[in-house]
Amino acid sequence: MNQLTTQNLSPFDLLARSWQRPAAVAAACFSADGSAVAFTSVDGTVAIAPLADQEPPESRIRVSGDLGQTTIRPRQKPPAPLVATSALGDGDVPITSYLRSGFLIGTTTGQAMHLAANGEVAETSINIEGPIVAIDHSVGTASTAISNGHDVFLSRAHDDPVKLRQAASSSTHAIAFSPDGKQLAFDTGNGVSIWTVDGDPVPIRDFSTPAGPRSLRWSVDGSWLACGLETGGFALASLAGGQSGVVGGFPSPVRTVCWSRPANALFASGAFRIAGWSMAAPPLHDPAAGALETGRSGLVPVETVAAHSERKIIAAGYANGRITVAQIGSRDELVVKPSGSAITALTWSGDGQHLAAGMVDGTAAIVTFPALLFK
């Protein structure tokens, strides 16, 4: 990876648009068409930023004729302000992309709200008793899944939600559709349940976990499911083979897991370095199988990870505010942001050009990488 340098300024200073929210950022979500990103905060508000940039990095790059050195000029104007909503919940609200350019928000009243890119909020037909604590939407099947913390509900084609029979549990706070929308996974407090929702919803697989699930993420082809745990690492399940296992030994909760399609690899937060495994040798029975040495180890745990959609690149955010981008399987890394407030959210845009980041101090940011940086 090539670095663009300007004295005393980090890549974050040069490449990022950043805004200050009144409360910690909880999550970042890109719209389906990649035109906007929404940031949720712990005060229940949501703020939206357009991806269009008045001063994109490419317009500020200069190559000196004598030395051929590439530099980038700092921004001259502040970014356009975010479009912010009023509080939609008592804490951070669950969010997912919805339709082309909008988002679907779960509220404490049990109503799912359509949030347009311009900030307008409209009711949908999805309404349940109790607060919505988890939500996901499948574009391919036009289905929405939600949970009130106990029961799981499914809405098809914007119809009224129907409760899944025998899906009640002591705790359900994570929901995820498979990429094709035909399977639905959700946590059961002490494990994970996988249902087929292509036709009448039917449970097809359940497996227990040694600790409470924190996050769920399907592989791109839908053949694997990874589940980050509050303690003890993460669980990994194969749908085709019917096998499952736990990769343990993590010093911190595994808040995020992600999959790299270009590298055929799985990554998890919670370690003192970017922890990854090649799925050519899945770590179902041996945690060392397929291990990928990526980035550099340190004394601060990784809080969140995000895999690039087109390149063998992984981004990591740390508890000390550090953000790095590394080549998968290599110790080489680009320090995008050296320090600051703890990173709470990282996610790439679909085209891999933009990295959205959220922080405990309320900073919301979009880092836009010029193409030449990854050559």
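Everything numeric here is computed off the predicted structure, so don't read it as measured data.
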Which residue pairs satisfy the salt bridge (charged side-chain N to carboxylate O under 4.0 Å, His left out) criterion with at least one member in residues 220-234, sequence neighbours excluded?
Arg214-Glu230
Any Leu229 side-chain heavy atom under 4.5 Å of Val254 side chain:
no
Side chain Thr209, main chain Gly212, donor-acceptor under 3.5 Å:
no
Can you sort out the partners of Arg331 under salt bridge (Lys or Arg N to Asp or Glu O under 4.0 Å), two or more places apart, ordered by chain and number?
Glu293
Is the shortest heavy-atom distance from the side chain of Gln353 to the side chain of Pro57 under 4.5 Å?
no
Given 3.5 Å as the limit, does a donor-acceptor pair link the side chain of Ser143 with the main chain of Thr141, or not?
yes
With Arg322 via side-chain hydrogen bond (donor to acceptor under 3.5 Å, both in side chains) - residues at least two apart:
Glu333
Measure across Ile343 and Gly321 and return the closest heavy-atom pair with its distance rounded to 0.1 Å.
CD1-O, 3.7 Å
Point-to-point distance, once rounded to the nearest 0.5 Å, from CD1 of Ile313 to CD1 of Ile328
8.0 Å
With sequence neighbours left out, which residue pairs that include part of residues 70-91 fulfil the ring-ring contact (aromatic ring centres under 6.0 Å, His included) condition?
none
Applying ring-ring contact (aromatic ring centres under 6.0 Å, His included), which residue pairs with at least one partner in residues 293-312 are found, sequence neighbours left out?
His308-Trp348
Distance-minimising heavy-atom pair for Trp218 and Pro179:
CB-CD, 3.8 Å
Option among Asn148, Leu164, Asn127, Val162 that satisfies the side chain to side chain contact (heavy atoms under 4.5 Å, CB included) test with Phe153:
Asn148
Counting only N and O atoms by type, is there a donor-acceptor contact under 3.5 Å from the side chain of Trp19 to the main-chain atoms of Gly362?
no
If I take atom CD from residue Glu58 and atom OG1 from residue Thr368, how far apart are they, to the nearest 0.5 angstrom?
8.0 Å
Side chain to side chain contact (heavy atoms under 4.5 Å, CB included) between Ile204 and Gln183: does it pass, once the steps are laid out?
CA-CA 9 Å; Ile204 56 175; Gln183 283 83 40; 4.2 Å; yes
Apply the test side chain to side chain donor-acceptor pair (under 3.5 Å) to residues Asp198 and Thr196: give CA-CA distance (whole Å), side-chain angles for both, the deciding distance (0.1 Å), then the verdict.
CA-CA 6 Å; Asp198 184 22; Thr196 178; 5.7 Å; no
Can you say whether the rings of Trp195 and Phe186 are parallel (under 30°), tilted (30 to 60°) or perpendicular (over 60°)?
tilted
Roughly how far apart are Ser171 OG and Asn190 CG, rounded to 0.5 Å?
9.5 Å
State, to 0.1 Å, how close Pro283 and Val247 come at their nearest heavy-atom pair, and which atoms those are.
O-CG2, 3.5 Å
Ser260 side chain to Ala265 backbone, donor-acceptor under 3.5 Å:
no
Output side-chain donor-acceptor pairs under 3.5 Å for residues 108-118, partner residues at least two apart or in another chain, one line each.
residue: Thr109; atom: OG1; partner: Thr107; partner atom: OG1; Å: 2.9
residue: Gln111; atom: NE2; partner: Thr124; partner atom: O; Å: 2.6
residue: Gln111; atom: NE2; partner: Ile126; partner atom: O; Å: 3.2
residue: Asn118; atom: OD1; partner: Glu120; partner atom: N; Å: 3.0

If you count every heavy atom of other residues, nucleotides or ligands that lies below 6.0 Å from Asp206 atom CG, does the total exceed 12?
yes
Partner set under side-chain hydrogen bond (donor to acceptor under 3.5 Å, both in side chains) for Ser97, not counting sequence neighbours
none
Heavy-atom distance under 4.5 Å between the side chains of Pro210 and Thr231, does that happen here?
no
Sub-3.5 Å donor-acceptor pair from the side chain of Ser35 to the main-chain atoms of Ser101, do we have one?
no
Donor-acceptor contact below 3.5 Å, side chain Arg60 vs main chain Gln76
no
Checking Ser125 against Asp160 for the side chain to side chain donor-acceptor pair (under 3.5 Å) test, could you report, in this order, the C-alpha distance in whole Å, the side-chain angles of both residues, the deciding distance, and whether it holds?
CA-CA 6 Å; Ser125 60; Asp160 293 338; 4.6 Å; no
So the salt bridge (charged side-chain N to carboxylate O under 4.0 Å, His left out) pairs with at least one residue in residues 241-270 (sequence neighbours excluded) are Arg255-Glu303, Arg261-Glu310
Answer yes or no: is there a side-chain heavy-atom contact under 4.5 Å between Trp224 and Leu284?
yes
Within the structure provided, determine whether Ser178 and Ile194 are in side-chain contact (heavy-atom separation under 4.5 Å).
no
Are more than 12 heavy atoms from other residues, nucleotides or ligands located less than 6.0 Å from atom CD of Gln20?
yes
Taking every heavy atom of His137 against every heavy atom of Thr144, the minimum-distance pair comes out as ND1-OG1, 2.8 Å
Residues at least two apart in sequence or cross-chain that pass side-chain contact (heavy atoms from CB on, under 4.5 Å) with Ala174, listed by chain then number, are Asp187, Leu216
Please test Ile72 against Leu9 for side chain to side chain contact (heavy atoms under 4.5 Å, CB included), starting from the C-alpha separation and ending with a verdict.
CA-CA 10 Å; Ile72 184 168; Leu9 293 177; over 6 Å; no
Smallest heavy-atom separation, Phe207 atom then Ala235 atom, equals CE1-CB, 4.0 Å
Got a list of side-chain donor-acceptor pairs under 3.5 Å for residues 43-54, not counting sequence neighbours?
residue: Asp43; atom: OD1; partner: Thr45; partner atom: N; Å: 3.1
residue: Asp43; atom: OD1; partner: Thr45; partner atom: OG1; Å: 2.7
residue: Thr45; atom: OG1; partner: Arg21; partner atom: NH2; Å: 3.1
residue: Asp53; atom: OD1; partner: Glu55; partner atom: N; Å: 2.9
residue: Asp53; atom: OD1; partner: Arg75; partner atom: NH1; Å: 3.0
residue: Asp53; atom: OD2; partner: Arg75; partner atom: NH1; Å: 3.4
residue: Asp53; atom: OD2; partner: Arg75; partner atom: NH2; Å: 2.6

I'd like to check Val336 versus Leu355 (side-chain heavy atoms, cut-off strictly below 4.5 Å). Are they in contact?
no
Test side chain to side chain contact (heavy atoms under 4.5 Å, CB included) on Ser341 and Thr363 and set out the steps.
CA-CA 8 Å; Ser341 180; Thr363 299; 5.9 Å; no
To check you understand the geometry: which heavy-atom pair defines the closest contact between Ser147 and Ile128, and what is its length?
C-CD1, 4.4 Å
Could you grab the distance from atom NZ of Lys163 to atom CG of Leu154, nearest 0.5 Å is fine?
14.0 Å
Suppose the criterion is ring-ring contact (aromatic ring centres under 6.0 Å, His included): which pairs have a residue in residues 265-288, not counting sequence neighbours?
Phe234-Trp277
Using the side-chain contact (heavy atoms from CB on, under 4.5 Å) criterion, which residues pair with Ser349? Sequence neighbours excluded.
Phe30, Asp351, His354
Distance from Met279 atom CE to Ser223 atom OG, nearest 0.5 Å?
7.0 Å
In Å and rounded to the nearest 0.5 Å, what is the OG to CZ distance from Ser238 to Arg205?
7.5 Å
Report the C-alpha distance between Asn320 and Ser339 in whole Å, list the side-chain angles of each, state the deciding distance to 0.1 Å, and finish with yes or no for side chain to side chain contact (heavy atoms under 4.5 Å, CB included).
CA-CA 6 Å; Asn320 65 351; Ser339 62; 5.7 Å; no
